Amino acid sequence: MAWETLLDLSATRPGPLHMRLAAAIRAAIRDGRLPVGAALPPSRMLAADLSVSRWTVTEAYSQLITEGYLTGKTGSATRVTWSPRPGDEPRANPARTLPAQAARPSSAAGFDLSSYHPDLRAFPRRQWVEAIRAAAETAPFDRLSYSEPGGLPELRVVLAEHLNRSRGASAEPGTICVVMGAGQGMSRLCRALLADGHTAIGMESPGSPRLWQAAQEAGLELVPLPVDDDGLVVDALERHPGLRAVCVGAARQIALGCPLGPHRRPVLADWARRVDGLVIEDDYHSEFSYDRPAPPVLQGTASDRVALLGSMSQVLGPTVGIGWVVAPRRWVQAVRAEHEIQLLPPALNQLALVQLMQSGAYDRHLRASRQRYRARRNALIDALRRHLPEYRVRGAEAGVQLLLELPSGTDVTAILRAAARRGIELCNLYEMQLQPEPLDPGLLVGYGNIKDTAIDRAVAALAEVIRVFG
């Protein structure tokens, strides 16, 4: 349907009103705003919309039918039939042109071994539609307005129960702030830190560029902190005496794949209390642990000094657009404070997530996703053993990516470029590095969004590239 097409009668040449209307519709067809097959509004409706007589509309439609732009039958919609001749293409409409990244086809043209995407094919469409329908049918009218700061109370209650049960958190509905994703949650926390007098925040290196960007845009200086096989090197905080805030992946270090060591967790909490600081705990990929139980969140034992950051982007997908911050009580109002334009997840999405979680559909989807990723991880490791048996794999116990270690001196940049030319999408580990010191060569290999049947072919193609440049 094309019932809301802008038809500016003042932009056409002077003349009878029906001719000006025909010219406006003709222009909309020729410049692509009205594509072939589009249904125009009934003459009575368009006449009311434009405050003209119905005769004006029927005459304009008749003229365009005569010229071959439209077709119409009694009892059926009037539709666009004009198609451009060679060399006479309609002018492109910029508003309908996708950016390069959005227009890029998915892994249909290659292999998605990046760590950016969950399994988008497995989004629970039917369950989400049912949840949206149930929310729309049962929600009071006042719940369909803009969401209140902090998110809808119903969702905060459900999230608190879920996080306390599954992650060992110490969350209360009053300490949860619903946001549109972990990036926005990080942005709100960093703005709160800046307002409280903080000027810098410690960040793991390698770490999460999306969280770096949020901190920098909030106005904080980034202080790179080293990581090793036990996660963040907490002792390195002592080398920065003015630092009072740090962001850490306690359940899983985003690049190396290891959790924060048990001996370092209490040390980090003690540091935050001693300097009157704040730890931001990024709970990224904690839902997917295969060979060992996921460690409980640090926030559960240090809720006065730890803000827990999470989202639904990896379990359900970015399209849901819901995340959360569980903040210490003294930080709640600062995190919820409005900054310029208040952006919150649509209320209907929040209510649908409540329905999904209360019905048990979310837990069933999560369990199925974990089993699917475990099988996919095993298939990926088997393929790597077949095609690259001499290379070591790290960080495969959890998450949806692993680290493939490469020999010293390997030109990783050349491998990434050659892989891209062959349609293999990989995450660049060096773009996750804050410190100038070189990392040991390695490739992050993701398996969240690749088809199971494509894993062996993808690894075989990657192995050929590595053999050339490794």
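Note that this is a predicted model, so its numbers are computed, not measured.
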Salt bridge [X]-[Y], side-chain N to carboxylate O under 4.0 Å:
X: Arg370; Y: Glu287; result: no
X: Arg377; Y: Asp382; result: no
X: Arg126; Y: Glu130; result: yes
X: Asp119; Y: Lys451; result: no
X: Glu217; Y: Arg188; result: no
X: Arg274; Y: Glu238; result: yes
X: Glu154; Y: Arg143; result: yes
X: Arg330; Y: Asp196; result: yes
X: Asp452; Y: Arg372; result: no
X: Glu281; Y: Arg167; result: no

Shortest non-hydrogen contact from [X] toward [Y]:
X: Leu356; Y: Ser359; result: O-OG, 3.0 Å
X: Trp271; Y: Leu243; result: CZ2-O, 3.3 Å
X: Ser289; Y: Arg374; result: O-NH2, 4.1 Å
X: Pro259; Y: Pro295; result: CB-CG, 4.0 Å
X: Leu194; Y: Ala218; result: CD2-O, 3.0 Å

Could you check Val246 against Ile280 for side-chain contact (heavy atoms from CB on, under 4.5 Å), going step by step and ending with a plain yes or no?
CA-CA 6 Å; Val246 63; Ile280 299 176; over 6 Å; no
Check: [X] side chain, [Y] main-chain N or O, donor-acceptor pair, under 3.5 Å:
X: Thr410; Y: Val412; answer: no
X: Arg191; Y: Val335; answer: no
X: Arg244; Y: Ala272; answer: no
X: Ser303; Y: Gly300; answer: no
X: Arg394; Y: Glu405; answer: no
X: Gln350; Y: Pro345; answer: yes
X: Gln401; Y: Ile254; answer: yes
X: Tyr362; Y: Val354; answer: no
X: Gln253; Y: Val227; answer: no
X: Asp291; Y: Glu397; answer: no

Measure the shortest side-chain to side-chain distance between [X] and [Y] over non-hydrogen atoms and say whether it is less than 4.5 angstrom.
X: Cys177; Y: Trp331; answer: no
X: Leu225; Y: Met203; answer: no
X: Asp230; Y: Leu260; answer: no
X: Trp128; Y: Thr319; answer: no
X: Gln355; Y: Ile132; answer: no
X: Leu429; Y: Leu443; answer: no
X: Asn378; Y: Tyr290; answer: no
X: Leu308; Y: Val325; answer: no

* Checking salt bridge (Lys or Arg N to Asp or Glu O under 4.0 Å) for the pair Glu161/Arg156: CA distance, chi angles, key distance, verdict? -> CA-CA 9 Å; Glu161 293 173 349; Arg156 288 190 276 117; over 6 Å; no
Applying side chain to side chain donor-acceptor pair (under 3.5 Å) to Arg252 and Ser286, what does each step give before you reach the verdict? CA-CA 7 Å; Arg252 187 179 190 277; Ser286 65; over 6 Å; no
Value rounded to 0.5 Å, distance of [atom1] in [X] from [atom2] in [Y]:
X: Leu366; Y: Gln371; atom1: CG; atom2: CD; result: 10.0 Å
X: Tyr284; Y: Arg210; atom1: OH; atom2: CZ; result: 6.0 Å
X: Gln216; Y: Leu211; atom1: CD; atom2: CG; result: 11.5 Å
X: Ile466; Y: Leu388; atom1: CD1; atom2: CG; result: 5.0 Å
X: Thr413; Y: Asn428; atom1: OG1; atom2: CG; result: 6.5 Å
X: Leu384; Y: Glu390; atom1: CG; atom2: CD; result: 11.0 Å

Flag yes if more than 12 heavy atoms outside [X] fall under 6.0 Å of its [atom1] atom; otherwise flag no.
X: Arg367; atom1: CZ; value: no
X: Arg417; atom1: CZ; value: no
X: Arg125; atom1: CZ; value: no

Item to complete: Would you please classify the geometry between the Tyr447 ring and the Tyr373 ring as parallel, tilted or perpendicular, with 30° and 60° separating the classes?
Response: perpendicular
Check your understanding: Can you list the steps and then say if Gln127 with His365 is a side chain to side chain donor-acceptor pair (under 3.5 Å)?
Key -> CA-CA 9 Å; Gln127 294 88 340; His365 172 73; over 6 Å; no
- Message: Go through it in stages, so that I can follow the logic: the residues are Asp304 and Arg273, the test is salt bridge (Lys or Arg N to Asp or Glu O under 4.0 Å), and I'd like the CA-CA distance, side-chain angles, deciding distance and then a yes or no.
- Response: CA-CA 9 Å; Asp304 59 327; Arg273 294 188 180 98; 3.4 Å; yes
Between Arg264 and the options Asp229, Asp235, Asp270, Asp228, the salt bridge (charged side-chain N to carboxylate O under 4.0 Å, His left out) test singles out Asp228
Q: May I ask you to check if Arg422 and Phe111 form a cation-pi contact, with NZ or CZ under 6.0 angstrom from the six-membered ring centre and within 45° of the axis?
A: no
For this session: Check the pair Leu406 / Tyr391 against side-chain contact (heavy atoms from CB on, under 4.5 Å), numbers first and verdict last.
Result: CA-CA 7 Å; Leu406 301 176; Tyr391 291 83; 3.7 Å; yes
Run the side chain to side chain donor-acceptor pair (under 3.5 Å) test on Asp363 and His162 for me, step by step, so that the C-alpha distance in whole Å, both residues' side-chain angles and the decisive distance to 0.1 Å come before the verdict.
CA-CA 10 Å; Asp363 285 339; His162 169 72; 4.6 Å; no
**Request:** List the steps and the verdict of side-chain contact (heavy atoms from CB on, under 4.5 Å) for Leu152 and Val178.
**Result:** CA-CA 8 Å; Leu152 296 183; Val178 176; over 6 Å; no
**Request:** Would you check, one step at a time, whether the test side-chain contact (heavy atoms from CB on, under 4.5 Å) holds for Leu380 with Val459?
**Result:** CA-CA 8 Å; Leu380 176 60; Val459 173; 3.5 Å; yes
